[in-house]
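This chain uses plain numbering: 1 for the first residue, then up along the sequence.
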Amino acid sequence: MLCIAAPLRAQARTAPDSILKARADSIARVDSVSGALPQTEVPFLTEVGMSHRWNRDSLFSTGALTMADFLDRVPGLSTLRARFFLAPQVGAYNGDVGKVRLFLDGVELEALDPRGGGVTDLSLFPLAALEELIIERGASELRLLMRSWRGPQVTTAQTRADVYTGDNRSNTFRGYLARRAKNGFAFQAMLQQRSTDDRQLGGDGDATTAFTRFGIVKPKWSLDATVVRVRVLQQSLAIFQVPSFELSGRAIPDFEQVQRDAYLRFGMGDVSRGPWLQLMAASRQNAERSPNRARNASLGFAADSADTTTTSTQYVATVGWSSSRARASITERLRLVNGRTLHQPSARAGLDLGRLTATAYVERNPFRANTTGDVFFRLQPTRWIAATGALAYGTTGVLNTVIDSTGIPEDVAWPVAKSARGEVAIRVKGLWLQGGVVLRDSSVLQAPTIFNRATPLLADPRAIGTTYQVVGPLFRGFSLHLNGVRWTDAGRYRPQFETRSELTWRYRFMGPSGREGFRLLVAGTAEYRTRAFFPLLDDDGTIFDVPTFAATPLGLRLEMTIRDATISAQVRNLMNLRYSTVPGLLMPGALTTYGVRWSFWN
């Protein structure tokens, strides 16, 4: 069982993860092999102060249990969640739940679950299967560019075991194994089992995730086959009534879901240097059923009792050229949907001149029959001041989707989309102080029906907000990450004011030989959001808004690393506050989890 992380610098392709330290370095020098499995391209990022690019070690050190936990750190994104672990979790970017897109190794992971109404459930995809996560924060949508775990470039077998436990009988067991051979054969496997049992609020269940890859790696080309399978069994979530709070909503019935992503990939060249080519054939399948149909029907969810299996097929061809200063690529994505063949071409280009960085992305969306384009830039004339921003434009289109509780798809006109954001940052010693403005044009908001089937699809007017961010070191090992947004008014799926802060203290002890022998991290978090509104349809078709209710949940996290082992513990909602991010679904009280991650060289 293995885990090893790729460093952030793209040119350091064969360096093992820092967590394995000097012992791993000596092994790598002896039995390192040439060639590496291909990776998806990475655009030039234009963020200031904090790069939205995390390697494997950084992903785990954040304490995130799900993808939604991790995205709480992104300005402008609000997570809507039923619980912390297995229950449905959705991200709303600038108030739009349909503007968060996931890509794994270049394959788009579209939402296939019929309960979700075309909105991605962020609780399903495992962070444990990733080597690197890149977030492209556009003006109109958020793209998550995920690189799957590739394993090390050495023939020595490597393993890792993670064990976590905590309140509500919450347990996570995770194991990794990777092996490379001199002849180019590569094998990787990861198995994760997670369970929780919340007797008070519901939403308990278990989830099993399996990641497997077989590959052949040569100096100039590689071929690999990868499968990621997630099975989730979740018990129903009940409405929990709290005196003096309005929690109008509907319970979520129990369900069983199996989601499988598989692809075959051929790659030539290095996406960070020179010409490169990648060809992929991918399949995504989602199977959903209701184990207790009689109970679901009694809760008013007869539509959920129908078992469904949905499959999507993609053929992706990408050709590109990269250098340290410029990058360009063209992608053709062939989609097979309901007997139709759809073309989804896109192109990307970027330029990094040091003081000026600019990138552009354009795509033709066959599902909405429109074309969208994004431009990103960062101007930094000196070390202490910078300006960054993004512009987005989209032509008119049509969306065929379910718009009400009848379950019958209809065509909905998609308006011209024009959005923008701009920020100015000033550096005070090592600390970046940043402020800006974000403009989201009028839009059709997709409905997160995964929480309530009575949630309609509807139009939302233009929204304007101000953003702020403080990122960087303070003194003597302390650092601060603070970000927030304030809109002119509260909207649907969009609190008027939302902020998140994290204060971190890091300590490192260097041994007599000059090698790192001990690390300690202590972090405290505080989050606050005002109430947001969820539109619902009553029996006569009238739309009414139901609010969430706000609080300021606090969190505490501790990590201690000794050689190859990391012991971690965290407490969420430290003060046991009552709050909700989705009407009717109360978030858990104080929740403690703790465990260890331990890497081995065999």
Side-chain angles (χ1 to χ4, degrees), residues 49-50 62-66 68-84 89-97 122 137 142 240 242 244-247 421 423 431-438 440 463-472 474 478-504 522-534 545-557 570-592:
M50 178 181 179
T62 62
L65 301 175
T66 64
D69 291 342
F70 193 81
L71 293 181
D72 282 333
R73 294 161 173 78
V74 180
L77 188 133
S78 303
T79 54
L80 316 175
R81 59 178 73 202
R83 297 292 182 267
F84 286 132
Q89 302 172 10
V90 169
Y93 185 57
N94 295 337
D96 194 339
V97 296
L122 297 175
R137 188 168 64 104
L142 191 78
F240 194 79
V242 180
S244 73
F245 289 107
E246 181 181 1
L247 280 177
R421 65 171 177 86
E423 294 134 355
L431 198 66
W432 281 100
L433 311 177
Q434 182 173 305
V437 178
V438 57
R440 194 211 68 191
I464 301 176
T466 56
T467 63
Y468 62 89
Q469 188 168 210
V470 181
V471 180
L474 296 174
F478 285 93
S479 60
L480 177 65
H481 181 199
L482 170 69
N483 70 75
V485 58
R486 182 180 181 87
W487 301 91
T488 53
D489 58 359
R492 284 151 175 167
Y493 318 121
R494 174 174 46 82
Q496 182 176 8
F497 177 67
E498 183 174 10
T499 185
R500 183 186 188 278
S501 60
E502 181 170 350
L503 181 65
T504 306
V522 182
T525 60
E527 302 180 33
Y528 176 74
R529 65 172 73 180
T530 57
R531 64 179 186 173
F533 296 93
F534 278 61
D545 289 326
V546 180
T548 61
F549 63 93
T552 307
L554 306 178
L556 184 64
R557 188 172 82 257
Q570 63 174 298
V571 183
R572 300 188 176 196
N573 196 6
L574 186 62
M575 305 303 294
N576 197 24
L577 302 177
R578 292 184 171 183
Y579 71 103
S580 69
T581 62
V582 176
L585 300 176
L586 191 68
M587 291 295 289
L591 178 71
T592 301

Check your understanding: When you look at Thr66 and Leu122, which way does the side-chain contact (heavy atoms from CB on, under 4.5 Å) test go after all the steps?
Key -> CA-CA 7 Å; Thr66 64; Leu122 297 175; over 6 Å; no
Review point. Is there a donor-acceptor contact under 3.5 Å from the side chain of Asn573 to the main chain of Pro588?
Key: yes
Check your understanding: With distance as the sole test, does Arg73 use its side chain to make a donor-acceptor pair with the main-chain N or O of Thr62 at under 3.5 Å?
Key -> yes
Check your understanding: For Arg531, which residues count as a salt bridge (charged side-chain N to carboxylate O under 4.0 Å, His left out) partner, sequence neighbours excluded?
Key -> none
Point to revise | Residues forming a ring pair (Phe, Tyr, Trp, His ring centres under 6.0 Å) with Tyr579, sequence neighbours excluded | key: none
Review point. With Thr581, which residues qualify under side chain to side chain donor-acceptor pair (under 3.5 Å), at least two apart?
Key: none
Point to revise | Expected output: side-chain Gln570 to main-chain Gly63 donor-acceptor under 3.5 Å | key: yes
Review point. Does Thr548 use its side chain to pair, donor to acceptor, with the backbone of Ala532 at less than 3.5 Å?
Key: yes
**Study point:** Residues forming a ring pair (Phe, Tyr, Trp, His ring centres under 6.0 Å) with Tyr493, sequence neighbours excluded
**Key:** Phe534
Check your understanding: Hey, mind stepping through Arg529 and Glu527 against salt bridge (charged side-chain N to carboxylate O under 4.0 Å, His left out) and telling me if it holds?
Key -> CA-CA 7 Å; Arg529 65 172 73 180; Glu527 302 180 33; 5.2 Å; no
Study note, to complete from the structure: Glu423 meets the salt bridge (charged side-chain N to carboxylate O under 4.0 Å, His left out) criterion, sequence neighbours left out, with Arg137, Arg421
Review point. Within the distance-only criterion (no hydrogens, no angle test), does the side chain of Thr530 pair as donor or acceptor with the backbone N or O of Phe497 below 3.5 angstrom?
Key: yes
Point to revise | Counterpart residues, salt bridge (charged side-chain N to carboxylate O under 4.0 Å, His left out), relative to Arg81 (two or more places apart) | key: Asp69, Asp72
Review point. Are the side chain of Thr499 and the backbone N or O of Asn483 linked by a donor-acceptor pair below 3.5 Å?
Key: yes
Practice item. Using atom types as modelled and distance alone, determine if a side-chain donor or acceptor of Arg578 lies under 3.5 Å from a backbone N or O of Gly589. Key: no
